[in-house]
Amino acid sequence: MNVSTPIGSDTLDQLDPKEYIIIKNARVNNLKALSVAIPRNKLVVVTGLSGSGKSSLAFDTLFAEGQRMYVESLSSYARQFLGRMEKPDVEYIKGVSPAIAIQQKVSTKNPRSTVGTTTEIYDYLKLLFSRIGRTYSPVSGEEVKHHTVTDVVDFVHSFEEGDRVMISCPLQVLQDRSKAQELELLLQKGFTRVLIDGEVHFVEELIAEKKLPKGTYEILIDRATVQKEDEDNKFRIADSIQTAFYEGHGECTILIPDKTKRTFSDKFELDGMSFEIPSVNFFSFNNPFGACKTCEGFGSVLGLDPDLIIPDKTMSVYEGAIAPWRGGSTGKWLEPLVKKGIYFDFPIHRAYEDLTTTEQELIWTGNSYFKGLNDFFQDLESKTHKIQYRVMLSRFRGRTTCPDCRGTRLRKDASYVKIADHSITDVVLMPNENALHFFQTLELSAQDQNVASRLLKEILNRLEYINKVGLGYLTLNRLTSSLSGGEYQRIKLATSLGSALVGSMYILDEPSIGLHPRDTDRLIEVLKSLRDLGNTVIVVEHEEKIMKAADEIIDIGPDAGVKGGELMFQGNLDELVKSSSTYTAKYLKGEEKINIKEKNRKWKDSIIVKGARENNLKNLTVKFPLKTLTVVTGVSGSGKSTLIKKVLYPALGKMMGTVIDESGKFEKIEGDYRDISQIEFVDQNPIGKSSRSNPVTYVKAYDAIRALYADLPTSKQRGYKPAFFSFNVDGGRCEACQGEGTVTVEMQFMADIHLTCESCKGKRFKAEILDAKYKDKDISDVLDLTIDEAIDFFEGKNQIVNKLLPLQEVGLGYIGMGQSSNTLSGGEAQRVKLASFLSKGGTKAGDHILFIFDEPTTGLHFHDIKKLLYAINALIEQGHSVIVIEHNTEVIKSADWVIDLGPEGGEKGGHLTYEGTPEDMVGLQDNYTAKYLRESFEGL
């Protein structure tokens with residue numbers, strides 16, 4: 001073991017907290033009185049086996065203390081509204097900076113939260129468009145303007161000194177009054193003169209006349225002269241203009257005798273339309289004023305789905321492309337189009353996708369020869385009192401992009417406000433890399449530049465960081481809840497960089513997850529820039545590239561769980577490779593290798609997805625071999641998750657009747673999918689949210705353990721049933737703590753205190769239940785064992801051991817039997833699910849399950865990836881098929897079949913760039929995955 005920074009107690013006490021973050025004797029979770037001094041303002045990587053204690057050190061100790069110190073600094077009144085923070089089990093921590101944790105979890109399911117709002121870019125965009133945006137009429141394309149008092153005053157003072165000025169406005173006669181009554185009211189308001197066709201008349205004289213003269217009446221508000229240096233005169237003219245606008249209901253007329261007459265309006269109108277004056281709320285879809293009235297600010301509506309109406313766009317109208325018009329009673333709607341199409345030159349034999357936009361639109365609108373789809377569905381709507389028509393309508397309805405706001409959630413007239421011919425709608429629908437280019441090349445007038453310079457600086461700053469972390473393919477309109485864990489983490493990282501904090505402590509949880517090796521290089525630049533701003537960046541990571549870029553590496557081990565929690569090494573990469581013998585060092589030196597594949601498996605059956613067009617997929621046709629390990633890879637945003645999670649999984653699941661999720665757009669699925677008896681999506685969601693759920697109950701091993709204890713002589717004598725050994729139900733559990741083992745005492749202004757239950761002393765069960773012992777251990781002692789220890793303890797009890805072995809095989813031998821599920825990481829939860837399938841074996845003879853894994857190497861050390869690959873291969877040996885979405889080159893190398901999407905992310909992605917064996921892929925030249933895979937093969 002080599003530790004470059006001395007960690008003796010005396011030395012730790014002497015270190016300067018201004019230069020180091022000092023942790024002494026941390027005992028959180030499995031940490032064994034770990035002491036470490038982390039240099040400040042450096043990029044530090046914390047690594048080690050899964051479960052060795054990395055997260056316990058970084059998040060449960062360091063971040064928890066940073067948060068607690070912040071909360072403790074607040075008043076007792078403020079603290080009651082914040083989460084209670086417990087002090088980590090540590091002797092002391094010195095030199096802690098304000099802590100910011102950026103974790104994998106997408107913490108929002110809010111349907112209104114977008115990339116734009118999360119990064120705060122949208123807040124600046126709203127301000128920008130409300131301050132310098134120009135409104136253009138959708139009718140003429142002319143700019144909509146309204147005049148202010150200042151505009152009119154400037155017009156008056158553009159004339160020569162001494163020129164006479166008459167300020168007037170139209171006389172507005174209300175419906176329930178006569179002109180004479182209006183004149184009497186004018187007199188009462190203090191106006192003495194009016195203009196009739198330009199001639200001055202006294203109001204008193206007009207009232208005295210029996211018959212009022214005909215003509216255009218205007219109120220003469222004021223008469224003055226142009227005096228450019230006289231401030232009082234300027235105020236008087238401005239006041240008169242304000243009065244004219246009020247009395248003239250928005251209109252004011254300026255007459256310069258013998259020179260000009262001009263009418264001004266303070267109404268925001270053009271082409272007979274009235275427009276809203278842009279404001280911040282006008283561009284806010286979270287505000288009733290700015291939200292689209294059609295979709296109420298959600299961006300989608302329940303309406304007719306064109307993709308359900310015309311599902312196969314490679315078919316022609318004649319072949320039956322229009323699904324609702326295929327035969328039966330509705331087939332009569334198609335006849336006029338087929339028979340009379342020749343009269344208006346409509347190509348009925350051409351594929352729908354090859355029709356021009358006008359021809360496609362014609363199918364919907366119809367013409368004098370035939371009625372279109374719009375008329376057809378209106379006809380159906382009129383007959384919805386009959387159930388068959390309601391059923392037919394429901395078949396063609398789906399969540400579709402709102403037609404008014406194009407999915408941007410904003411009211412339609414917000415798109416009339418533009419900057420450089422682009423509305424806010426256009427900007428949020430652009431990929432971020434295009435939006436960055438737009439703002440970088442934006443040219444503004446000097447006045448607009450002065451107003452917008454600070455806003456543009458903030459927008460550009462944040463967009464640059466989003467592109468640096470490899471998310472240039474996302475749009476600002478993208479829902480936050482639809483992002484992967486890795487994407488969400490990098491969005492939060494870009495937001496933190498954009499806010500330019502200094503002197504902080506950033507703790508990141510595997511930021512390289514979901515990143516192609518190409519994008520990892522960009523991420524390293526971002527982490528370094530965060531460090532160079534003056535922050536301490538602590539990264540829990542297994543990625544070799546990030547270790548190479550780190551200033552300091554902290555390796556925790558030697559193994560996982562109870563065998564971990566010790567500081568094995570601290571220093572730089574060279575020192576780790578030269579002088580350490582940890583698992584990390586062995587894999588970096590090449591002494592240990594992950595690749596376990598002997599040769600590619602031969603296959604004959606496959607599933608073929610044809611015409612996948614969801615999101616950015618470009619009409620893909622992809623082949624998935626069965627009873628093999630297939631890896632789907634490609635740069636971030638290339639369409640991997642869309643192809644698997646939105647097309648393949650829901651489409652196959654619907655055929656089997658096990659999935660109700662809406663599937664993405666595709667033409668059809670061919671091949672041997674009928675051979676599959678079940679489809680399982682093994683993600684990283686928690687296996688149980690309750691504190692009572694644990695891995696042993698999940699893999700059904702606890703049922704056999706309870707049965708064993710109920711079969712003991714003591715249990716039989718006392719009549720203990722298996723349920724008595726459960727802490728979930730009444731019977732044998734301790735009723736004082738309801739089987740939790742701890743009792744929570746609420747403290748109003750402090751963290752809640754969790755005390756060991758006095759009744760059962762934390763054992764969870766009643767004392768008499770603990771009299772039943774197997775090999776001198778009661779049921780509580782069994783729950784305190786690790787999986788590894790339990791396998792040895794229950795040797796010979798195959799019913800139990802066979803259920804527990806898969807947990808050991810997937811590298812989870814270190815976790816506790818009774819460990820709460822909500823303490824497991826995402827990677828651990830995924831492996832527990834994998835173990836539960838392994839423990840079922842082949843379930844029934846001839847069963848063929850298709851397993852889909854989404855980034856299963858998340859949170860895994862090299863050593864754990866090797867165990868994972870053994871477990872996945874065990875599933876294939878049992879006769880199942882496995883598809884993995886993955887970027888890890890070691891996993892790609894171990895695959896039988898590789899599907900690579902690209903070449904870039906976002907709009908430039910969605911193409912099939914390669915499908916075949918990894919060995920053949922190495923020969924590709926212009927392929928990012930092939931380049932990094934080649935380096936991996938050369939390392940063998």
Side-chain angles (χ1 to χ4, degrees), residues 17-18 20-31 34-44 46 53-108 118 120 485 488-489 491-493 495-497 499-511 527 530-531 533-541 554 556 686 691 742 744-754 820 822-826:
K18 291 179 182 176
Y20 294 93
I21 298 163
I22 306 158
I23 301 169
K24 185 174 180 183
N25 293 340
R27 296 183 185 84
V28 176
N29 297 336
N30 66 334
L31 296 180
L34 187 146
S35 298
V36 64
I38 301 170
R40 295 170 72 89
N41 301 341
K42 300 288 184 190
L43 173 56
V44 180
V46 182
K54 305 181 300 299
S55 295
S56 297
L57 175 66
F59 292 98
D60 301 337
T61 304
L62 208 47
F63 175 64
E65 179 65 5
Q67 285 290 84
R68 190 192 67 81
M69 287 172 68
Y70 166 67
V71 171
E72 291 296 315
S73 71
L74 303 174
S75 68
S76 59
Y77 174 77
R79 290 206 302 273
Q80 69 179 319
F81 301 110
L82 296 170
R84 316 274 194 260
M85 307 297 292
E86 290 194 45
K87 186 172 175 62
D89 185 2
V90 60
E91 188 173 323
Y92 68 69
I93 303 179
K94 292 180 183 175
V96 176
S97 311
I100 299 154
I102 306 177
Q103 292 177 288
Q104 290 279 338
K105 292 171 187 164
V106 182
S107 57
T108 177
T118 305
E120 299 167 6
Y488 182 74
Q489 190 181 32
I491 282 288
K492 297 298 284 180
L493 180 60
T495 306
S496 297
L497 282 161
S499 57
L501 291 175
V502 294
S504 298
M505 181 170 69
Y506 284 89
I507 304 175
L508 291 94
D509 184 14
E510 295 219 54
L527 294 175
L530 198 57
R531 174 200 65 190
L533 281 170
N535 298 297
T536 306
V537 183
I538 299 166
V539 186
V540 176
E541 188 57 88
I554 293 172
I556 308 240
S691 58
T742 57
T744 303
V745 180
E746 290 188 9
M747 309 291 284
Q748 186 160 5
F749 293 121
M750 291 164 26
D752 292 349
I753 298 174
H754 300 282
S820 176
N822 53 22
T823 65
L824 298 177
S825 69

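Numbers for residues simply follow the sequence, beginning at 1.
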| Side-chain heavy-atom pair L31, D60 within 4.5 angstrom cut-off | no
| task | For the residue pair V537 and L508, establish whether any side-chain heavy-atom pair is separated by less than 4.5 Å. | result | yes
| query | Sub-3.5 Å donor-acceptor pair from the side chain of N25 to the main-chain atoms of V90, do we have one? | reply | no
| message | Under the rule for side chain to side chain donor-acceptor pair (under 3.5 Å), what residues qualify as partners of S56, not counting sequence neighbours? | response | N29
| task | Grab the two heavy atoms, one from A64 and one from P88, that are nearest each other, plus how far apart they are. | result | CB-CG, 4.3 Å
| remark: Heavy-atom closest pair (A99 atom, G66 atom, distance to 0.1 Å) is CB-CA, 4.1 Å
| task | Find the distance between OG1 (T495) and CD1 (I100) and round it off to the nearest 0.5 Å. | result | 11.0 Å
| Between atom NZ of K94 and atom NZ of K18, what is the distance when rounded to the nearest 0.5 Å? | 13.5 Å
| note | Separation between NZ (K42) and CD1 (I538), nearest 0.5 Å, reads 13.5 Å
| task | Measure across N535 and G503 and return the closest heavy-atom pair with its distance rounded to 0.1 Å. | result | OD1-N, 3.2 Å
| task | List the steps and the verdict of side-chain contact (heavy atoms from CB on, under 4.5 Å) for Y506 and L527. | result | CA-CA 10 Å; Y506 284 89; L527 294 175; over 6 Å; no
| message | Restricting to non-hydrogen atoms, name the atom on I21 and the atom on M505 that form the minimum distance, rounded to 0.1 Å. | response | CD1-SD, 3.5 Å
| What closest approach, in Å, do T536 and P39 show between heavy atoms, and which atom pair accounts for it? | CG2-O, 3.9 Å
| task | Could you tell me which non-hydrogen atom of V540 sits nearest to which non-hydrogen atom of A58, and how far apart they are? | result | CG2-CB, 3.6 Å
| task | Kindly determine whether T61 and L34 satisfy side-chain contact (heavy atoms from CB on, under 4.5 Å), including the steps that lead there. | result | CA-CA 11 Å; T61 304; L34 187 146; over 6 Å; no
| said: Show, in sequence, the C-alpha distance, side-chain angles and deciding distance for L62 and I38, and conclude whether the side-chain contact (heavy atoms from CB on, under 4.5 Å) test is met. | reply: CA-CA 11 Å; L62 208 47; I38 301 170; 3.9 Å; yes
